[in-house]
Each structure stands twice: as C-alpha cells, then as structure tokens.
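Here's the structure we're looking at; comments come further down.
First the proteins, then the strands, lettered A, B, ... as listed; each starts at 1. Note that the structure is predicted; figures quoted are calculated from it, not measured. These values consider heavy atoms only, across backbone and side chains, with no hydrogens, waters or symmetry-generated copies.
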2 protein chains.
Amino acid sequence: MKRLSSRQGTKQKKAPSRPARMSGEERKAQIVRVATELFARDGFKGATTREIARKAGISEAVIYKHFSRKEDLYKAIIDSRCTNPGGEPRLLSMLKGKEGREVFVIIASYLLEEHRRDSSFLRLLMYSALEQQSLSELFINTRGLEFLGFLETHIQSLIEKGCMRGVDPALAARAFIGMVEHYSIAQELYNAKSFFSRPERKVVEAFVDIFLNGMKRR
Amino acid sequence: MKRLSSRQGTKQKKAPSRPARMSGEERKAQIVRVATELFARDGFKGATTREIARKAGISEAVIYKHFSRKEDLYKAIIDSRCTNPGGEPRLLSMLKGKEGREVFVIIASYLLEEHRRDSSFLRLLMYSALEQQSLSELFINTRGLEFLGFLETHIQSLIEKGCMRGVDPALAARAFIGMVEHYSIAQELYNAKSFFSRPERKVVEAFVDIFLNGMKRR
DNA sequence: CGGAGTATAGTAAGCACTCACTTACCAGGA
DNA sequence: TCCTGGTAAGTGAGTGCTTACTATACTCCG
C-alpha cells in the first residue's frame, strides 16, 4: 500500500513522514548549508544538532551518519568556506594588472559587497574567534591575513616608488582595512542594517579618498 | 548518620566547605565581577551558572538568592558597565577644551588604551550583538553610538570652519573610529595579541596622521 | 530567637550522541 | 514482467550528562 510513487512526479512536500531521499553527497552538502546558517546565527555552542536536523527535514541520526561529531560538521563548514572559489582567489584575480587608486576601490568594494551578499561569513568569523575554537586559526589565516599581507606589500612598493609617504606599511594597511571592514562589522555589532546606510559606492569613494589623500606625499 | 557535628565545635577553616561570609551587597558585587569575566569569555549561552558559582567559591543557589534569573545577572553586568564612571563621561571630560589634532589623538588613545586595559568589554559587546540579546541595544547606545555622534558633530564643525574637506561627516567619523577600533577588534578576531604589536603611541600617531592629512583641504 | 547566607539534593528540560531497526531503491535472475 | 535480496538512507526512542533553576534544612551572628 502507500506507494509513494506519486512523489517522484510531483514536488509536493505535503507528506511529513519521510524526507525526499537523497544521495549521500547531496545530503551532506545540504546539512552543511543548513548548519552554516545556524552556526552563523547562534555560534558553535548555541547551535544545536536538533535544530539543524529539524531545519534540514531529517532526524539527528542522519547528521551523525555523515559527521561523527558536531565539531566535524563545523570543520566541514570552514573548509567549504576557505576553499570556495568565490573567495580570496576571486579578489586577487580581480586585482591583477590594476594599479593606483583602482586597487583600493576594488578592495573596498569587494569587502563591502561580499559582506552584504552574505553576512554569515562575518558572523562565523567573529563567533569562531570569540569562542576560541582551535579551528578558527585556519579560518583566520586563509581569509583574514592573506590579503592584509597583499595590501601591505602593495603599499610598501608604492612607498618605495615615492607615491606614498613613509608610513609603516603594515599600519597603513590596517588603517585602510579597518575603515572598510569596521563599517561592515558595525552593521552586525550595532545590528544597524538601517541606522547608517549610504550607497555602497559613496562609502567606498569616501574611504578611498580619505586614505589615499592621507597617504599622499606633500 | 554522617553528622557533621565536628564542624560545629572547631572554628578552624581548614575545612574547604564554607566560603567567607559576606554582606549581601559584597557578595552581589563579587558575583557580578566573576560573571562578567565568564560572560565575556564564553558568551551568554556559553557561560554556566555552575562555573560562575564555582569560580566565586559558592554554590549556585547563592546566585539565585541575588539574581532571580541568569538574564538578570546579565542585565546587572551591562548596567554596571554602562553606568561605570570610567566610561564615556571620562572621555568627554578629557576632550573638554581641546582642539584640532589633539582631539583625535585623545580619542584614539582612549579607545586603544581602554581595550588593552580591559578586553572583556569588547568581548561582551561583540557577544551581545551576535547573540541578539535584546539587552544589547542599551549597551550599544550608551557605549557605542554616543561618541560616534560627538565625533561627527566635531568634524562637521571643522568642515564648516573650512579646516577640512567637504566629506560626509558621518562617513568620516566612521572612517576614523573604524581604523582605531578595528585595530582592537582584530586583536580579538585574529586572536593575535602578538602577531601585530606596535607601541600604542605609534599606532595612534599613524592613524591620526593618515586621517587628518586625508581630510585636509588642498 | 530571627533572618541573612549557605549547602545539599534535588527537578525537568535540553544537550550531543547512539542503537536497533525500517524503508526505499536498484540489480539481476526467473 | 515480477520477485528477491543486498544495501544505502533514514528513523524513533533511547543514553548519560549538563543545564537553569528550586525546595528545604542548616549555621552563624546580632
């Protein structure tokens, strides 16, 4: 009886009994997707396997078929974030061949846009740092420091070429990233999606403007 | 059975059983102090009443004599932080009568020093924002936005006087606070107490220098 | 004595994680 | 075409532990 043959053709999810059967890899990816959302919202400790399961429409046991511990699931999320092709590599390729002001505009736009598009990354980052996950180092190194280093080198060479003043390039890089990233962080910190909204382009212009002018030789 | 009568007669404190007796207010303040540390370390959800009690050398029940719910304890912490006299009022009084470059130096020094002295505040702030505590608004408003506003007004007047370029003063204020505050936040985010350490004075000089030069009229 | 301060010993609910079991699906022989 | 067994995918009902929070009795001091 109860042949579920109908499911195949129709996409209706009215039957609450069993979820759509999935291949292992599909399911695994789905779990990671749901878990990302919840870890970003509630942190590692705050997110529960129960809710992840519920939101994925499966039982908790399925999670443990794919990930032997909650921590493994977290690790999988970080891996997927660090190796995903939409990340730093994209930025670095965008920067290829660019010079002068445009470099800074691209970096600033990238950071702002990236965060607006997907605030979960920043939240994951902040949580992982606060919770002192040992895993957070991986996170930090691949997504945090890498291009701070790039910027530092870039500024260093501009100073050597005489285009910029002799400010400590590491500090200068931090100053620039700080202006831009703090703008995004503050939207989370002050949960103020609205309290301070300017067109993204205007924000970028102002920051790049202040920074480049500030670094200009007299 | 197990009559603990032995304790009664002797006054020796070799028995680790009972803590020093305290007055209600003393005990309350002590609990808040310990709890602040743990909430800052682990967040609201992560911190447990059990550990707070253990670290204060008392039983959980004592906590609940003073605070009817865990949330009340959290609220007490925030109150104590917001009304504490070492906060914004101190900064604003330091700024009184100051002008020009010095204003920015004072603000930057204040932020850096404040955080170095007590990083738990920044952690509390970040946690309360991430965990979407309804209480965080109080936190934010009294300690976050207030002097962002002050800075904005100050910059506005400098622009009107013709000392600075006509950049959106709100954006300029954010840029400056961003540079400075991000420096502190990054020490938590990248848990890099060491990876990037410059003398505080140098950091302040560099940031103020870049910012003021960037805002100068041509 | 009375009451503030404290401990012991709970409670019910929630947590990560497990296990014995059921279902859906596919391959291949009749 | 239908039957059948192997297996991956999924489950419900746990386990033992931890959580926030409580009921109640004991101890000290004014």
Output the rounded distance in Å from CG (B:D42) to P (D:dT18). 16 Å
Output a table of nitrogen or oxygen pairs between the protein and nucleotides 16-20 of chain C separated by less than 3.5 Å.
{"unit_1": "C:dA16", "atom_1": "OP1", "unit_2": "A:A47", "atom_2": "O", "d": "3.3"}
{"unit_1": "C:dA16", "atom_1": "OP1", "unit_2": "A:K70", "atom_2": "NZ", "d": "3.0"}
{"unit_1": "C:dA16", "atom_1": "OP2", "unit_2": "A:T49", "atom_2": "N", "d": "3.0"}
{"unit_1": "C:dA16", "atom_1": "OP2", "unit_2": "A:T49", "atom_2": "OG1", "d": "2.9"}
{"unit_1": "C:dC17", "atom_1": "OP2", "unit_2": "A:Y64", "atom_2": "OH", "d": "2.9"}
{"unit_1": "C:dC17", "atom_1": "OP2", "unit_2": "A:K70", "atom_2": "N", "d": "2.7"}
{"unit_1": "C:dC17", "atom_1": "N4", "unit_2": "A:E60", "atom_2": "OE2", "d": "3.4"}

Side-chain donor or acceptor of A:S68 paired with backbone N/O of A:Y64 under 3.5 Å: no
Distance flag, aromatic centroids of B:F176 and A:H182, threshold under 6.0 Å: no
May I have the distance from B:I31 (atom CD1) to C:dG5 (atom P), rounded to whole angstrom? 10 Å
Heavy atoms only: give me the nearest B:S184-B:L112 pair and the separation to one decimal. OG-CD2, 3.5 Å
Distance in angstrom units between A:R27 CZ and C:dT23 C1', rounded: 14 Å
So does A:R116 get a backbone contact from the side chain of A:S119, meaning a donor-acceptor N/O pair under 3.5 Å? no
Report yes or no: does A:R123 contribute a side-chain atom to a donor-acceptor pair with the main-chain N or O of B:L130 at less than 3.5 Å? yes
Spacing of B:K28 atom NZ relative to C:dG5 atom P, expressed in whole Å: 11 Å
Starting at CG of B:D72 and ending at P of D:dC21, how long is that distance when rounded to a whole Å? 9 Å
Without decimals, in angstroms, what is the distance between B:R54 CZ and C:dA7 C1'? 17 Å
Between C:dG5 atom C1' and B:H66 atom NE2, what is the distance in whole Å? 7 Å
When rounded to whole Å, the CD1 to C1' distance for the pair A:I58 and D:dA9 reads 10 Å
Side chains of residues 28-47 of chain A: which donor-acceptor pairs under 3.5 Å do they make with residues two or more places apart or in other chains?
{"unit_1": "A:Q30", "atom_1": "OE1", "unit_2": "A:R27", "atom_2": "NH1", "d": "2.7"}
{"unit_1": "A:Q30", "atom_1": "NE2", "unit_2": "A:A56", "atom_2": "O", "d": "3.2"}
{"unit_1": "A:T36", "atom_1": "OG1", "unit_2": "A:V32", "atom_2": "O", "d": "2.7"}
{"unit_1": "A:E37", "atom_1": "OE2", "unit_2": "A:K55", "atom_2": "NZ", "d": "3.4"}
{"unit_1": "A:R41", "atom_1": "NH2", "unit_2": "A:E51", "atom_2": "OE2", "d": "3.3"}

